Protein chains: 2
Amino acid sequence: MEPGVDCTPDCPVRLSADILSGKWTTLIIRELLAGTRRYSQLQYALLGVSPKILAARLRMLQSEGLVTRKVYPTVPPKTEYTLTDLGREAEQVIRAMADFGDLLAARADIAS
Amino acid sequence: MEPGVDCTPDCPVRLSADILSGKWTTLIIRELLAGTRRYSQLQYALLGVSPKILAARLRMLQSEGLVTRKVYPTVPPKTEYTLTDLGREAEQVIRAMADFGDLLAARADIAS
DNA sequence: CCGAATCCAATAAGATACTG
DNA sequence: CAGTATCTTATTGGATTCGG
């Protein structure tokens, strides 16, 4: 891990952070790592997310090439979201975050 | 990786995201992974960060137990920031983000 | 069912000036 | 040097309503 001299202007960590930061982004990816999901399934899984935010994050992830969106013009309509190959590469990040989160939780337990 | 039913309310990914998200946070950690740094060194390395933001993020990281702050009451004053053991555990996340960022950069190259 | 539209609150970030 | 104070802007998130 090298000093920040190569961290400007477009260090990989920053590129990654620009996409993955945001309250719900990593949680959406986490959910999609388990498999293709419909809009309503995501909304249910991510308890508390508003439709606006969910749609916005999904659109962003799609435009960044991490997610594909498939619409079935049935009645009622159905939309499926699936990770692309690139999106699945984010699994390593999610995993590392989960591991780190476990440490944070352990620390919180001690504090109580 | 399991479905989101266990992603509420305090899944590890969320705990992790709550701390690491933010435009500069991971970059600060990235810099500190290279070793202890002074305030001015961080400000220089993170080109474009304002003193207010840098101080705020450092205080947050300190309160979360990822960073220690050591003040030398010399003239001129000197302050050193160092990762704690917990803070160093974030290296896996930063590494994964760096790897993923490389993929993003490669994709961007193709697009051009 | 899948969102888009609207409106509003909260927060993060940035620029600048200044102090112990 | 290492920040704080102040002000302003930009971004994000949230609640609700409504339409295809």
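These numbers come from a predicted model, not from an experiment. Residue numbers start from 1 in every chain, and the chains themselves are labelled A, B, ... in the order their sequence lines are given, proteins ahead of strands. In what follows, every heavy atom counts, from backbone to side chain, and hydrogens, waters and symmetry copies are set aside.
- When all heavy atoms of P12(A) and D102(B) are compared, the closest pair comes out as CG-OD1, 3.1 Å.
- Taking the salt bridge (charged side-chain N to carboxylate O under 4.0 Å, His left out) definition, one finds that R107(A) meets it with E64(B), sequence neighbours left out.
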Could you pull out the protein-nucleic contacts involving nucleotides 18-20 of chain D (nitrogen or oxygen on both sides, under 3.5 Å)?
none

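- Taking five base pairs at each end of the helix from dC1(C)-dG20(D) to dG20(C)-dC1(D), the local helix axes there meet at an angle of 50°, rounded to 10°.
- Checked against side-chain contact (heavy atoms from CB on, under 4.5 Å), S16(B) has the following partners two or more places apart in sequence or in another chain: M97(A), F100(A), L20(B).
- Contacts classified as side chain to side chain donor-acceptor pair (under 3.5 Å) and involving residues 17-29 of chain B (residues at least two apart or in different chains) are not found.
- For the atom pair OH (Y44(A)) and CZ (R37(A)), the distance works out to 12.0 Å, reported to the nearest 0.5 Å.
- Annotation: side-chain contact (heavy atoms from CB on, under 4.5 Å) contacts of V71(A) (sequence neighbours excluded): R69(A), T79(A).
- Rounded to whole angstrom, the span from the CG atom of D18(A) across to the C1' atom of dT11(D) amounts to 13 Å.
- Every residue two or more places apart in sequence or in another chain that forms a side-chain contact (heavy atoms from CB on, under 4.5 Å) with L15(B) is listed here: L104(A), A105(A).
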- Protein heavy-atom contacts under 4.0 Å, written 5' to 3' over nucleotides 3-9 of chain D as B (base), S (sugar-phosphate only) or - (none), form the string BB-BB--
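- Between the CD1 atom of I53(B) and the P atom of dA10(D) there is a distance of 15 Å, given to the nearest Å.
- Not one side-chain nitrogen or oxygen of R38(B) sits closer than 4.0 Å to the OP1 or OP2 atom of dC1(D).
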Which donor-acceptor pairs under 3.5 Å do the side chains of residues 45-57 of chain A make with protein atoms, sequence neighbours left out?
{"from": "S50(A)", "atom 1": "OG", "to": "I53(A)", "atom 2": "N", "distance (Å)": "3.4"}

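- Atom CD of residue E31(B) and atom CG of residue L33(B) lie 9.5 Å apart, to the nearest 0.5 angstrom.
- Within the structure, every pair that satisfies the salt bridge (Lys or Arg N to Asp or Glu O under 4.0 Å) test and touches residues 78-89 of chain B, not counting sequence neighbours, is listed here: D85(B)-R88(B).
- Remark: T68(A) engages T82(A), T84(A) in a side-chain contact (heavy atoms from CB on, under 4.5 Å) (not counting sequence neighbours).
- Atom CZ of R57(A) is separated from atom C1' of dG13(D) by 9 Å (rounded to the nearest Å).
- With a cutoff of under 4.0 Å to any heavy atom of chain B, the contacted region of DNA chain C is bounded 5' to 3' by dA13(C) to dG20(C).
- With a 4.5 Å cut-off on side-chain heavy atoms, L42(B) and L32(B) count as touching.
- Not one side-chain nitrogen or oxygen of S40(B) sits closer than 4.0 Å to the OP1 or OP2 atom of dC1(D).
- Whole-Å rounding puts the L42(B) CG to dC1(D) P distance at 14 Å.
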- Task: Could you walk me through whether I28(A) and V67(A) pass the side chain to side chain contact (heavy atoms under 4.5 Å, CB included) test, one step at a time?
- Result: CA-CA 10 Å; I28(A) 292 171; V67(A) 163; 5.8 Å; no
